[in-house]
Every structure is written in structure tokens, then in C-alpha cells.
Student: 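The following block contains the structure, expressed as C-alpha cells.
Along the sequence shown, residues are numbered consecutively beginning with 1.
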Amino acid sequence: MTVHPPKPEASPDMEAAKAAPDVHAAKAALATLRAWAESADPTEVARLDPAIARLLPGHELANYPDLSRRYDPEFRADPGYIATLPDLQNGPASLIVGARARIEHVGISNFHLPIRYRLRKGGDMPLETSVTGTVSLEATQKGINMSRVIRAFYTHAESAFSFEVMAAVIDGYKEKLGAFDARLMMRFRYPTEIRSLRSGLTGWQYYDIALEMADTDGQRLKAIHLDYVYSSTCPCSLELSEHARRERGQLATPHSQRSVARISVALAPGQGALWFEDLIDIARKAVPTETQVMVKREDEQAFAELNAANPIFVEDAVRAFAEGLLAEPRIGDFRVVASHQESLHSHDAVAVLSEGPTFSSQSIDPRLFASLVHQG
């Protein structure tokens, strides 16, 4: 036998709750909202609903306010007016979206300007430069004013750049942004005049170079990154080609390909300056088959002979570069990333060799090897 308990009778209060609020309820809610909005922070009001500001006395607005549609070229923003401008990036922690987590790097990337760089032979050279500047952001901070990074850089933009000037830039935007850690990277293409192998012609070789300064936990890293482009002749292919000639009288050619090594070095403290040309010389001595600029027939023949005298696997290449870097006292930790962009295979042969903890990592950028392409 199933027993159904009697349903409770609906009370007057329950019936009222089901009914739509009347004008008296709306007035009471409006009074509560106004009382809260008068004492609340404007940011809190905007976060709930910007329209609430219209409910406050003296802030009533029509549904479509009559705003000026004419740009006023004579208007000047004085300090008093500027002080009234909203600044959400420096707003309270209540505006933070997502996790209250520390951000290692936040800033700007790839803004361009001409910068003068000092030369080993003396003087300086202006080069178009791509600049990246970032700072750390603590978990309790909403954000940063990105333009302050650029303004700090422009303060020193007329200087002939060195690591000392880079340090001044970092100090400047750390102070302006109240950050603990900071990083600055400057990328450019550095021209050097090189002579052909036999004809005596000269041409300009351009090297992709980046200067990096990172200030982390009070420690300051000074690093140079160089992309060195060379030809690599496969030793195995060379021997097989010679075997075909010797055993069967069969003409055969070994395969070789354009190859790129990205050499990253940290400057050893207390040592002299390491010039761009110094790092290029180390790379060229380790692997002499650098791609050529100006060639005549005698130069092309010489390049074929130079490649045959220096056949090299990608493993050989990174070790040859490492030998030269280890012998230089001005260089501390380093990393060599090499890519031989095979003419035999549809894939590349790659290798990474690092010395010391600075550039060592268990994980690599998924696009690292794909970025080792000479732009020409």
C-alpha cells in the first residue's frame, strides 16, 4: 500500500515570490544598487555592469547621448586631464583574468628602429634592428604599460650599442614597470665583406645575429646568437661516389647541401669584448666551407675542392664548432644547433650540442629546427 503525504499548502510569501516583481520591489532594488554604487570602487562598478554608473545622481544619460563627432586638433591633454584617464593595466588585482599566476615574460616583440653597433676595427655601423623587451609580472599585478618598454629603449636609441647600453635600457624599464626580472633581445643582419676563393672578387655576406641580455634573480646573462651558413658534403656519399669511379669507371657526384648552425654563446665574466667578427672567425675556422657570395668559374671549382677536403656529417659539425668555442676564454656556456638540409633525403639531419647549464634544456621549441633556414 502506497501512502502519499499531503502536499503543503502554498503560503502567501511563496505565492508572492513566484509573481513578477512590482514597482515597489524595483524601487527597493534600485535604492540598494545606488547605495552600493556610491561607496563602491569605480572599477568594481564597471566590472559588474558599466551601465550602473548611469543610475547615480548626476550621471544620468540619455539612451543615445549627443556626443561630438568632430576631431579637435587643438585639444591638449594637460596633467590634470591625463590623471583622469582610465588605466586598466594598473588596476586592482580584482581585474585579473584567469589564474593568479606569475608571468615570466610579458612585453613587446619585433618593433624596429635603426641602431648603431660598434665594430672591431673601430667606429660603428647603423643597422635596422628588431627589438624584443619583456619583464616579469607578479601574480598580484594585472598587467604592464607596454609603451614604457619602448620609451625606455628610445632613451638610449642614439647610443652606439654595447652590452653596457643594453644594461642601462633594462635598468630603465625595470624601474618604470616595477619588475624584478627583465630581458632584452636585439636582432639584426650584420654585413661583412668577404673575398672569393681564387678570383679575388669581394662581396657582402650577411649574418643573422642577436644580442640578448636577461636579468633573472639578480643574475645578468649576456649572450650572442649567430646563424652561420655553410655547405656540408656527406662523407659517405663522397666515398661511394669515389668507389663508383674507381671500381666501375662510373661518373658519380657526392651530395652536399646548404646547412645552418645557430651558435649561442654566453660571455664569460671578467673577459674582454667578444666582437661579432670574432665569433664569425671561430665558426669559419671550425667549418671552412662557408657559402660564397661572388664566384667565377675558378671560384666554383675551388669551392668543390674545399668541400671534398672537408666532408662533414652533422655530428662532426657541432663537435667542430664546440672545439673552437671551448678554446676561446671569452666564451662561457654555449649551445650549437645544426641543420643539414639534405639534398638526398626529404628530411633534414639535425644535432644539438650544449656546454653548461645556460642553454641546456630537456625540451626544445617544436619549430626550432624549422627556423634554421637561410633567408638569402
Side-chain angles (χ1 to χ4, degrees), residues 82 87 89-90 102-120 122-138 141-191 206-227 262-280 330-335 358-359:
I82 292 173
D87 187 0
Q89 287 296 72
N90 285 315
R102 185 178 190 271
I103 301 175
E104 287 88 354
H105 302 287
V106 58
I108 54 93
S109 176
N110 203 34
F111 84 89
H112 286 247
L113 71 169
I115 293 293
R116 291 185 294 119
Y117 294 92
R118 297 174 182 173
L119 306 178
R120 182 172 64 179
D124 55 62
M125 176 188 299
L127 297 172
E128 180 185 1
T129 302
S130 167
V131 177
T132 296
T134 63
V135 295
S136 60
L137 187 66
E138 300 309 303
Q141 293 177 284
K142 165 65 177 171
I144 69 168
N145 293 111
M146 301 279 182
S147 64
R148 292 183 182 177
V149 176
I150 300 176
R151 294 201 302 270
F153 194 91
Y154 265 94
T155 302
H156 303 274
E158 296 302 318
S159 305
F161 259 67
S162 64
F163 279 110
E164 289 73 25
V165 179
M166 292 178 72
V169 173
I170 281 187
D171 290 340
Y173 67 69
K174 278 181 64 178
E175 180 182 356
K176 288 180 179 295
L177 296 168
F180 294 104
D181 300 337
R183 182 178 303 245
L184 177 63
M185 181 171 286
M186 302 165 61
R187 294 186 297 108
F188 50 92
R189 305 196 73 200
Y190 187 77
Y206 281 80
Y207 300 88
D208 290 330
I209 292 179
L211 300 183
E212 179 183 16
M213 178 168 282
D215 192 317
T216 307
D217 295 330
Q219 301 296 314
R220 192 158 277 182
L221 166 70
K222 301 175 184 178
I224 303 176
H225 307 268
L226 164 71
D227 279 11
R262 181 162 299 152
I263 302 171
S264 301
V265 301
L267 302 190
Q271 300 292 329
L274 181 73
W275 299 95
F276 307 140
E277 296 92 338
D278 295 336
L279 192 55
I280 293 168
R330 292 171 292 178
I331 293 174
D333 293 353
F334 62 80
R335 181 184 64 194
T358 302
F359 303 103

Student: I need the minimum non-hydrogen distance between Phe359 and Ala223, along with the two atoms involved.
Tutor: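 What the structure gives for the nearest pair is CZ-CB, 4.1 Å.
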Student: What are the two closest non-hydrogen atoms of Met186 and Thr129, and how far apart are they?
Tutor: CB-CG2, 3.8 Å
Student: I'd like to check the ring-ring contact (aromatic ring centres under 6.0 Å, His included) partners of Phe180; sequence neighbours left out, ordered by chain and number.
Tutor: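 Once residues adjacent in sequence are excluded, Phe180 has no partner under the ring-ring contact (aromatic ring centres under 6.0 Å, His included) criterion.
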Student: If you define the side chain from C-beta out and look only at heavy atoms, does anything of Ile263 sit under 4.5 Å from Phe334?
Tutor: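 With C-beta onward as the side chain, the pair stays apart.
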Student: Return the set of residues passing salt bridge (Lys or Arg N to Asp or Glu O under 4.0 Å) with Glu138 (not counting sequence neighbours), or none when no residue passes.
Tutor: Arg102
Student: Are any of the side-chain heavy atoms of Ile115 and Leu127 separated by less than 4.5 Å?
Tutor: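 Answer no - side chains too far apart.
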Student: What residues, two or more places apart in sequence or in another chain, satisfy salt bridge (Lys or Arg N to Asp or Glu O under 4.0 Å) together with Arg262?
Tutor: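 Per chain and number, Arg262 pairs via salt bridge (Lys or Arg N to Asp or Glu O under 4.0 Å) with Asp227.
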Student: Once ring-ring contact (aromatic ring centres under 6.0 Å, His included) is applied, do any residues pair with Tyr117, and if so which ones, sequence neighbours excluded?
Tutor: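 Residues passing ring-ring contact (aromatic ring centres under 6.0 Å, His included) with Tyr117: Phe188.
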Student: Should Ile170 and Leu184 count as side-chain neighbours, where that means a heavy-atom distance under 4.5 Å?
Tutor: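 With C-beta onward as the side chain, the pair touches.
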Student: List in chain and number order the residues that pass side chain to side chain donor-acceptor pair (under 3.5 Å) with Arg330, two or more places apart in sequence or in another chain; answer none if no residue qualifies.
Tutor: Asp278, Glu328
Student: Start with the C-alpha distance between Trp275 and Ile224, add both sets of side-chain angles, then the distance that settles side-chain contact (heavy atoms from CB on, under 4.5 Å), and finish with yes or no.
Tutor: CA-CA 10 Å; Trp275 299 95; Ile224 303 176; over 6 Å; no
Student: To the nearest 0.5 Å, what is the distance between CE (Met213) and NZ (Lys222)?
Tutor: 5.0 Å
Student: Should Thr132 and Ile108 count as side-chain neighbours, where that means a heavy-atom distance under 4.5 Å?
Tutor: no
Student: Sequence neighbours excluded, which residues qualify as side chain to side chain contact (heavy atoms under 4.5 Å, CB included) partners of Asn110?
Tutor: His112, Ser130, Arg187
Student: I'd like to check the side chain to side chain donor-acceptor pair (under 3.5 Å) partners of Glu212; sequence neighbours left out, ordered by chain and number.
Tutor: Arg183, His225
Student: May I have all residue pairs that pass side-chain hydrogen bond (donor to acceptor under 3.5 Å, both in side chains) and include part of residues 150-161, sequence neighbours excluded?
Tutor: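 Of all non-adjacent pairs touching residues 150-161, those that pass side-chain hydrogen bond (donor to acceptor under 3.5 Å, both in side chains) are Ser147-Arg151.
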Student: Partners of Tyr190 by ring-ring contact (aromatic ring centres under 6.0 Å, His included), sequence neighbours excluded?
Tutor: Phe276
Student: Can you find a pair of side-chain heavy atoms, one from Ile331 and one from Leu267, that are under 4.5 Å apart?
Tutor: no
Student: Give a yes or no on whether the backbone of Asp181 and the side-chain of Ser136 come within a donor-acceptor separation of less than 3.5 Å.
Tutor: yes
Student: Got a sec, which pairs hit salt bridge (Lys or Arg N to Asp or Glu O under 4.0 Å) with one end in residues 167-176, sequence neighbours left out?
Tutor: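 Sorted pair list: Asp171-Arg220, Lys174-Asp215.
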Student: For a quick test of reading the model, state the closest non-hydrogen atom pair linking Val165 to Ala160 and the distance between them.
Tutor: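 Result for this residue pair: CG2-O, 3.8 Å.
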Student: Which pair of heavy atoms, one from Ile144 and one from Val106, lies closest together, and at what distance?
Tutor: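 In terms of heavy atoms, the two residues are closest at CD1-O, 3.7 Å.
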Student: Could you go through Leu226 and Asp208, starting from their C-alpha distance and side-chain angles, then the distance that decides it, and tell me whether this counts as side-chain contact (heavy atoms from CB on, under 4.5 Å)?
Tutor: CA-CA 6 Å; Leu226 164 71; Asp208 290 330; over 6 Å; no
Student: Using the test ring-ring contact (aromatic ring centres under 6.0 Å, His included), find all partners of Phe153 that sit at least two apart in sequence or belong to another chain.
Tutor: Phe111, Phe161
Student: Going by heavy atoms in the side chains, are Pro126 and Arg116 under 4.5 Å from each other?
Tutor: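 SC-SC contact between Pro126 and Arg116 confirmed.
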Student: Using the test side chain to side chain donor-acceptor pair (under 3.5 Å), find all partners of Ser162 that sit at least two apart in sequence or belong to another chain.
Tutor: Glu164
Student: How close do Leu177 and Asn145 get, counting heavy atoms only, and between which atoms?
Tutor: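 Nearest heavy atoms, Leu177 then Asn145: CD2-O, 3.7 Å.
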Student: Determine the minimum heavy-atom distance between Tyr173 and Ala152, stating which atoms define it.
Tutor: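 The answer is CB-CB, 3.5 Å.
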